[in-house]
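Letters A, B, ... mirror the listed sequences (proteins, then strands); counts begin at 1. Predicted model only: the values in this text are computed from it and were never measured.
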Protein chains: 2
Amino acid sequence: MDDEPEATELVEFNLKQAGYAVTTACDGAEALRKAHAQPPELIVLDVMLPEMDGFEVCKVLRLDPVTSRVPIIMLTAKAAEIDRVLGLELGADDYLTKPFSPRELLLRIKKILTRAVAEEKPREQIRFGDLTIDFPRHVAAWKARAIALTATEFKLLVTLAQRAGRVQSRDSLLRDVWEYESVIDTRTVDTHIRRLREKLGPAAKHLETIRGVGYRFLE
Amino acid sequence: MDDEPEATELVEFNLKQAGYAVTTACDGAEALRKAHAQPPELIVLDVMLPEMDGFEVCKVLRLDPVTSRVPIIMLTAKAAEIDRVLGLELGADDYLTKPFSPRELLLRIKKILTRAVAEEKPREQIRFGDLTIDFPRHVAAWKARAIALTATEFKLLVTLAQRAGRVQSRDSLLRDVWEYESVIDTRTVDTHIRRLREKLGPAAKHLETIRGVGYRFLE
DNA sequence: ACCGGTTTGTCACGCGGTTGTCACGCAATT
DNA sequence: AATTGCGTGACAACCGCGTGACAAACCGGT
């Protein structure tokens, strides 16, 4: 998905050469439509797009449950934008600054895809010591003893645990857990973290506060 | 690295003329040895080589972690080979078909080198000897031992480390770390540098003061 | 539709760590 | 020797976060 036709073709050619199945789109709306209809394993997204820019596309892709977990590699012209791209405001998985070599892009794609399949398995059920989180059953447990959590609390826990080790800002948590109702106070996150900690009891040690930044799930 | 001595000399002469430091090799094995011992910034590689051909050399260079990220320009006689050269199998960054002009070669080299420095930054985890800085985890560590830093201190460290080797004035640090315009005293930077040094302990040797100018992160 | 209990978002308050500032003294530069 | 620049210690204001409380929204059962 790119604005310059020849750049799109170059990427397409190299990816197909490498054995990947490729679908292209020449603007953001088309990209969103195709991605929703048939979610790909990975998305290469240019920031510079006609009409809707790559940032917007990225946000929408993350909001749509169908595509929210698809890895995204962003192509950007300015190095100054990387903080926005990776800083979980957008939540891209990787990025490249233009101009880039096809080889570099292939390396990134390979890396992300192997990581994705490695993470695919334990996604249904995550374990951290005595803490178990069963995603499909919607149950969290401490030493085989179930912990009664509300929907929001569970979603918050899952969101933190899935990105274990990585700091999540309040804004990014609001996006992922509350699916962006932008009118919500960031302090609301605090309250739910507190309730989570109360209910988790001893397992609350996994929930770490990074002052001035956000929260982190400690492994 | 070429098979015909006079062609090698021609390339070598032109590159040195342009101010590059050049090392040559007259066969594949020698090229690999030299490249591994002292990885260059860029490799110009002829396909036609005695014993091991350029394709083989290219593959081995890519497999060796020491040289896997070094850009490669391949010199080839046949236009038909370019797909193989640029594709995933070999992963060269660019190519030239013989005969070519020295000027053309210089242009390609320049383009790739400027691209390489632009791509150097995208790292979410930086290492300098025993000092590790993990951006998404928001953790700095010395010899695998975490260092407790506040939000501002961490941001200051990251800003300095990302531009390692380059001096940063107090004003530019204020802009990058504190983000808003300087309603803040420049001496405030000193205090935070001090606190950083205290907490970094032995790793503080990376933080250098350039009197009258600013601060620099030493590698 | 009604009602009780639960869930959820918001607010005010207070503590404690963080942060910006200043004065002082030393070191380097002139 | 004078001057400029930086490190150091101390301190006060501030801000971010945890906490308790509360009301609105929600949900399931009758």
Side-chain angles (χ1 to χ4, degrees), chain A residues 138-140 146-160 167-218, chain B residues 138-140 146-160 167-218:
Chain A
H138 217 266
V139 166
I147 305 171
L149 296 178
T150 69
T152 312
E153 286 158 6
F154 186 78
K155 207 166 183 182
L156 177 60
L157 178 60
V158 167
T159 305
L160 284 165
V167 181
Q168 315 248 96
S169 72
R170 289 176 171 68
D171 284 319
S172 83
L173 287 172
L174 281 177
R175 253 206 4 268
D176 293 343
V177 176
W178 281 259
E179 316 228 322
Y180 113 100
E181 288 164 42
S182 52
V183 274
I184 292 191
D185 188 0
T186 55
R187 298 302 310 281
T188 300
V189 179
D190 299 30
T191 303
H192 281 84
I193 289 282
R194 167 172 50 116
R195 288 170 182 154
L196 243 184
R197 282 177 170 153
E198 283 171 1
K199 293 190 179 178
L200 286 180
K205 65 184 180 191
H206 287 288
L207 266 42
E208 197 185 13
T209 306
I210 311 293
R211 189 183 171 92
V213 186
Y215 294 95
R216 180 173 62 172
F217 190 96
L218 212 51
Chain B
H138 215 267
V139 166
I147 305 171
L149 297 178
T150 69
T152 314
E153 286 158 6
F154 187 80
K155 210 167 181 182
L156 177 61
L157 177 62
V158 167
T159 306
L160 284 165
V167 185
Q168 308 259 93
S169 73
R170 289 175 171 68
D171 282 320
S172 78
L173 286 173
L174 281 176
R175 259 190 298 107
D176 293 343
V177 177
W178 279 261
E179 296 195 339
Y180 49 92
E181 280 304 315
S182 51
V183 284
I184 292 187
D185 188 358
T186 54
R187 297 304 308 282
T188 300
V189 180
D190 300 30
T191 303
H192 282 86
I193 289 282
R194 167 172 51 110
R195 288 169 182 154
L196 244 184
R197 284 178 170 151
E198 282 172 3
K199 293 188 178 178
L200 286 181
K205 65 185 181 189
H206 288 287
L207 265 43
E208 196 187 16
T209 305
I210 311 294
R211 187 183 171 89
V213 186
Y215 294 94
R216 177 170 65 172
F217 189 96
L218 267 181

Original post:
Atom CG of Leu207(A) and atom P of dT19(D): how far apart are they, to the nearest Å?
Top reply: 12 Å
Original post:
Where do Leu207(B) and Arg197(B) come nearest, in terms of heavy atoms and distance?
Top reply: O-NH2, 3.2 Å
Original post:
How long is the gap from CZ on Arg175(A) to OG1 on Thr159(A), to the nearest 0.5 Å?
Top reply: 10.5 Å
Original post:
What is the distance from atom CD1 of Ile193(A) to atom CG of Leu173(A), rounded to the nearest 0.5 Å?
Top reply: 6.5 Å
**OP:** Find the distance Leu156(A):CG to dT8(C):P and express it as a whole number of Å.
**Re:** 11 Å
Subject >> Nucleotide dG7(D), atom P - distance to CG of Leu200(B) in whole Å >> reply: 14 Å
Report each atom pair, protein N/O against N/O of nucleotides 20-23 of chain D, whose distance is under 3.5 angstrom.
residue : atom : partner   : partner atom : Å
dG20(D) : N7   : Arg194(A) : NH1          : 3.2
dG20(D) : N7   : Arg194(A) : NH2          : 3.3
dG20(D) : O6   : Arg194(A) : NH2          : 3.4

**OP:** Rounded to the nearest angstrom, tell me the gap between atom CZ in Arg216(B) and atom P in dC6(D).
**Re:** 14 Å
Original post:
Considering only dG20(C), dT10(C), dT8(C), which nucleotide approaches the side chain of Asp185(A) most closely?
Top reply: dT10(C)
**OP:** Using a 4.0 Å cut-off on protein heavy atoms (strictly under), produce a 5'-to-3' string for nucleotides 25-30 of chain C with B for base contact, S for backbone-only sugar-phosphate contact, and - for none.
**Re:** --BBS-
**OP:** Could you list the residues that satisfy ring-ring contact (aromatic ring centres under 6.0 Å, His included) with Phe154(B), not counting sequence neighbours?
**Re:** His138(B)
**OP:** Heavy atoms only: give me the nearest Leu149(A)-Ala140(A) pair and the separation to one decimal.
**Re:** CD1-CB, 3.9 Å
Original post:
Between Trp178(B) and His192(B), how do the two ring planes meet: parallel, tilted or perpendicular, split at 30° and 60°?
Top reply: perpendicular
**OP:** For Leu196(A) and dG9(C), give me the distance from atom CG to atom P, rounded to whole Å.
**Re:** 13 Å
**OP:** Please determine if a side-chain N or O atom of Trp178(B) lies less than 4.0 Å away from the OP1 or OP2 oxygen of dT19(C).
**Re:** no
**OP:** To the nearest Å, give me how far apart CD (Glu208(B)) and C1' (dC6(D)) are.
**Re:** 14 Å
**OP:** Enter the distance from Arg170(A):CZ to Asp185(A):CG here, rounded to the nearest 0.5 Å.
**Re:** 10.0 Å
**OP:** Establish whether the base of dG5(D) is bridged to the side chain of Arg187(B) by a donor-acceptor pair shorter than 3.5 Å.
**Re:** no
**OP:** Give a yes/no on whether any side-chain N or O of Thr209(A) is located under 4.0 angstrom from OP1 or OP2 of dG18(D).
**Re:** yes
Subject >> Which residue lies more 5' along DNA chain D, comparing Asp190(A) with Ile210(B) via nearest heavy atoms >> reply: Ile210(B)
Original post:
Between CG of Leu196(B) and CG of Leu160(B), what distance do you get to the nearest 0.5 Å?
Top reply: 7.5 Å
Original post:
Is the shortest side-chain N/O distance from Tyr215(A) to OP1 or OP2 of dG16(D) below 4.0 Å?
Top reply: no
Original post:
Once you round it to whole Å, what is the distance between P of dT6(C) and CD of Glu153(A)?
Top reply: 14 Å
**OP:** Quick one: label Arg197(B) by what it contacts on the DNA or RNA (base, sugar-phosphate, nothing), any heavy atom closer than 4.0 Å.
**Re:** sugar-phosphate
Original post:
So what does Thr152(B) touch, heavy atoms closer than 4.0 Å: a base, only the sugar-phosphate, or nothing?
Top reply: sugar-phosphate
Original post:
Can you tell me how far C1' of dT19(C) sits from CD1 of Ile193(B), to the nearest Å?
Top reply: 15 Å
**OP:** Report which part of the nucleic acid Thr188(B) touches: base, sugar-phosphate, or nothing (heavy-atom distance under 4.0 Å, all strands).
**Re:** base
**OP:** Respond yes when some side-chain nitrogen or oxygen of Thr150(A) is under 4.0 Å from OP1 or OP2 of dT8(C), and no when none is.
**Re:** yes
**OP:** With salt bridge (charged side-chain N to carboxylate O under 4.0 Å, His left out) as the test, would you mind laying out the steps for Arg195(A) and Glu153(A) before giving the verdict?
**Re:** CA-CA 8 Å; Arg195(A) 288 170 182 154; Glu153(A) 286 158 6; 5.4 Å; no
**OP:** Can you measure from CZ (Phe217(B)) to NE2 (His206(B)) and round to the nearest 0.5 angstrom?
**Re:** 5.0 Å
